[in-house]
Visitor: 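Here it is, the structure in full.
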Amino acid sequence: MASSGPWLIVGLGNPGEKYARNRHNIGHQVVQYLAESNGGTFTHHKAGASTAQVRLGTLPGGRPGPAATVAYLDCYMNVSGGPTAALMKFFKIPTDHLLVVHDELDLDEHVLRLKKNGGEGGHNGLKSISAAIGTRDYARLRVGIGRPPGRMNPADYVLSDFPPRDQVEWEITVREAADAITDVVSTDLPAAQQRLHTR
């Protein structure tokens, strides 16, 4: 059963057209699709983010699912904490209703995993959020982008674009990620986690 109260869904990435199609920006791509596919329109928020208001999923009897603020931040990845904390304060979002979407080097490409609590795995965006809100006890959707080939520097890899030949596969992954988020919000994290991980 969906837990009561609104959610905040934050997709991590870097701002600007230069980074828009980078592997590191998969979080932005997922939340943009999530909002647009649910009729949301992004507007600028004073916290330093673009936000959209949506209802996710469907409750028993066909009622609209829980309310969610979907956001991508104006700042660079490694300072994501301040705007995220400001959005939580403005929209009165408790920690257990924050879900962060981010790229994950330690998962194969297209693999999706839900997680709550635990370490940040060296991800600077997560480190910044954990420090700003004072806890690691929030939900994350990890989107696997795989490891860099050969001796390529991981920093160069995450800041490179997805190959055009893989566009269709990544569009499918983005849709599946949006579905996983909707499942979390409209049911609960453990149930959504079990469904996603046993698919």
Side-chain angles (χ1 to χ4, degrees), residues 2-3 5-14 22-38 40 49-52 54-57 65-73 77 80-81 83-84 87-88 91 93-130 132-133 135-146 158 162 169-199:
S3 48
W7 282 75
L8 173 62
I9 316 297
V10 176
L12 297 188
N14 289 313
N22 285 181
R23 290 175 170 87
H24 219 24
N25 271 47
I26 191 69
H28 278 196
Q29 296 171 35
V30 170
V31 296
Q32 288 165 357
Y33 175 82
L34 178 67
E36 291 161 9
S37 63
N38 284 280
S50 293
T51 62
V54 296
R55 304 294 292 248
L56 295 179
T69 297
V70 181
Y72 61 95
L73 311 178
M77 176 84 75
S80 299
T84 299
L87 289 171
M88 291 177 71
F91 291 107
I93 304 294
T95 306
D96 64 353
H97 276 209
L98 169 66
L99 192 156
V100 178
V101 188
H102 65 92
D103 60 305
E104 180 58 73
L105 281 166
D106 291 330
L107 291 175
D108 290 341
E109 289 186 335
H110 309 293
V111 173
L112 302 174
R113 289 291 180 264
L114 285 162
K115 174 181 178 180
K116 187 176 183 185
N117 210 330
E120 296 94 355
H123 197 289
N124 290 329
L126 295 178
K127 288 180 180 179
S128 178
I129 290 172
S130 298
I133 68 175
T135 181
R136 294 173 171 175
D137 192 23
Y138 55 92
R140 306 98 184 262
L141 176 61
R142 306 159 67 209
V143 183
I145 60 169
V158 299
F162 293 111
E169 288 85 352
W170 281 107
E171 288 174 355
I172 293 169
T173 299
V174 164
R175 291 198 297 270
E176 290 176 343
D179 289 344
I181 294 166
T182 300
D183 197 12
V184 171
V185 171
S186 59
T187 60
D188 61 60
L189 179 61
Q193 192 174 39
Q194 183 176 24
R195 282 188 287 271
L196 179 65
H197 296 184
T198 56
R199 261 195 333 210

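Along the sequence shown, the residues carry numbers beginning at 1.
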Visitor: Go through the steps to decide whether K127 and N124 satisfy the test side chain to side chain contact (heavy atoms under 4.5 Å, CB included), and finish with yes or no.
Guide: CA-CA 5 Å; K127 288 180 180 179; N124 290 329; 3.9 Å; yes
Visitor: Search all heavy atoms of L87 against all heavy atoms of A71 and return the closest pair with its distance.
Guide: CD1-CB, 3.8 Å
Visitor: Give the intermediate values and the outcome of side chain to side chain contact (heavy atoms under 4.5 Å, CB included) for residues I26 and F162.
Guide: CA-CA 10 Å; I26 191 69; F162 293 111; 4.0 Å; yes
Visitor: H197 side chain to L114 main-chain N or O, any donor-acceptor pair under 3.5 Å?
Guide: yes
Visitor: With a 4.5 Å heavy-atom cut-off, do S80 and I129 have their side chains touching?
Guide: yes
Visitor: Please check if atom CD in E171 has more than 12 non-hydrogen atoms from other residues, nucleotides or ligands closer than 6.0 Å.
Guide: yes
Visitor: Are V184 and W7 packed together at the side-chain level, in the sense that at least one heavy-atom pair is separated by less than 4.5 angstrom?
Guide: yes
Visitor: Could you grab the distance from atom CD1 of I9 to atom CG of L99, nearest 0.5 Å is fine?
Guide: 4.5 Å
Visitor: List the steps, then state whether side chain to side chain contact (heavy atoms under 4.5 Å, CB included) holds for D137 with D96.
Guide: CA-CA 7 Å; D137 192 23; D96 64 353; over 6 Å; no
Visitor: Counting distance only, does the side-chain N/O of D108 pair as donor-acceptor with the main-chain N or O of V111 below 3.5 Å?
Guide: no
Visitor: For G65 versus R55, what's the shortest heavy-atom pair and its separation?
Guide: O-NE, 2.6 Å
Visitor: What are the two closest heavy atoms between V54 and G40, and how far apart are they?
Guide: CG1-CA, 3.7 Å
Visitor: At their closest point, which heavy atom of A177 faces which heavy atom of L141, and how far apart are they?
Guide: O-CD2, 3.5 Å
Visitor: Does the plane of the ring in H110 sit parallel, tilted or perpendicular to the ring in W170? Use 30° and 60° as the thresholds.
Guide: tilted
Visitor: Determine, stepwise, if the pair N22 / D103 fulfils side chain to side chain contact (heavy atoms under 4.5 Å, CB included).
Guide: CA-CA 10 Å; N22 285 181; D103 60 305; over 6 Å; no
Visitor: State the NE2-CG distance between H28 and L12, to the nearest 0.5 angstrom.
Guide: 7.0 Å
Visitor: Can you tell me how far CG of N38 sits from CG of L56, rounded to the nearest 0.5 angstrom?
Guide: 5.0 Å
Visitor: What distance do K116 atom NZ and R140 atom CZ have between them, rounded to the nearest 0.5 Å?
Guide: 10.5 Å
Visitor: Looking at V101, L107, T173, which one forms a side chain to side chain contact (heavy atoms under 4.5 Å, CB included) with L112?
Guide: T173
Visitor: Using 0.5 Å steps for rounding, measure from the CG atom of L98 to the CD1 atom of I93.
Guide: 8.5 Å
Visitor: Rounded at 0.5 Å granularity, tell me how far OH in Y138 sits from CE in M88.
Guide: 10.0 Å
Visitor: Report yes if the side chains of M77 and H24 come closer than 4.5 Å at any heavy-atom pair, otherwise no.
Guide: yes
Visitor: So which atom in G81 and which in S128 form the shortest heavy-atom distance, rounded to 0.1 Å?
Guide: N-OG, 2.8 Å
Visitor: On a heavy-atom basis, which atom in L34 and which in A178 lie closest, and how many Å separate them?
Guide: CD1-O, 3.8 Å
